[in-house]
Amino acid sequence: MKARVQAIIEALSRTYPEAHCELDFTNPLELLVATILSAQCTDKRVNLVTKDLFQKYKTARDYAEAPPEELEEAVRSTGFYRNKAKALRAACTDLVKLHDGKVPDTMEALHSLHGVGRKTANVVLGNAFGKNEGVVVDTHVSRLSQRLGLTEQTDPEKIEKDLMKMIPREDWTLFSHWLIWHGRRRCFARKPDCANCEIQGLCPSAGKV
Ligand code: SF4
């Protein structure tokens, strides 16, 4: 298993040398906001929305004190906009109260913010702070980890635990980018392109999905 995992890492790093977070951001607060908005929404749509949003709301206090309907309207096209606006206000209220408006750089502090789950915390830590504290498990990472035989779990936190055991810590952030990129370009949810897949020889599901 270890040799196969290493071979998968090498092949994906060769295939996607430019893999990175596809959400646009220039600071940790912007990434936190974009990640909250990205639930059930494409990164492309989130980037369209945040282009204007980040012009208007620049600090945690701006979000915390925004009139609810105004913030809802601003994020409406990302879907589930009432919940997302509520999560933004809750997380940013905590940032103002507990962290002087700054985004903290530890899992414990990030995860304890209202509206911030482990996945969001991992995205922020890995991409805004360059800290490998966990592996981001989204729908692509879940699907590909299962197809590649890296986990039998379906719960994201359990999948993350399995991945953290077998992937070297320095690769945790990149590994999820590689799987996300591969999921978007080759290993589609329906009809994966196994015939042209760069890791076909390392995948127990090749041609079987
Ligand atoms: S061989 Fe098929 S199922 Fe396996 S990773 Fe490649 S595209 Fe996905």
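Numbering of ligands and ligand atoms starts at 1, following listing order.
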Can you tell me the protein heavy atom closest to atom 4 (Fe) of ligand 1 and the distance? C203 SG, 2.3 Å
Return the closest protein heavy atom for atom 2 (Fe) of ligand 1 as residue, atom name and distance. C194 SG, 2.4 Å
Does C197 bring an N, O or S atom to under 2.8 Å of atom 6 (Fe) of ligand 1? yes
So if you build clusters from Ile, Leu, Val, Met, Phe, Trp, Tyr with side-chain heavy-atom gaps below 4.5 Å, do [X] and [Y] land together?
{"X": "L163", "Y": "V123", "value": "no"}
{"X": "L125", "Y": "L174", "value": "no"}
{"X": "L95", "Y": "I36", "value": "yes"}

Given ring-ring contact (aromatic ring centres under 6.0 Å, His included), test H140 with W181 step by step and report yes or no. CA-CA 9 Å; H140 297 293; W181 280 45; over 10 Å; no
With heavy atoms under 4.0 Å as the rule, classify the contact between A206 and ligand 1 as side chain, backbone, both or neither. both
Note: ligand 1 atoms sitting under 4.0 Å from heavy atoms of P192 are 7 (S)
Taking only non-hydrogen atoms of C187 and a 4.0 Å limit, the atoms of ligand 1 in range are 3 (S), 5 (S), 7 (S), 8 (Fe)
E108, E133, E160, E157 screened by salt bridge (charged side-chain N to carboxylate O under 4.0 Å, His left out) with R118, the one that passes: E160
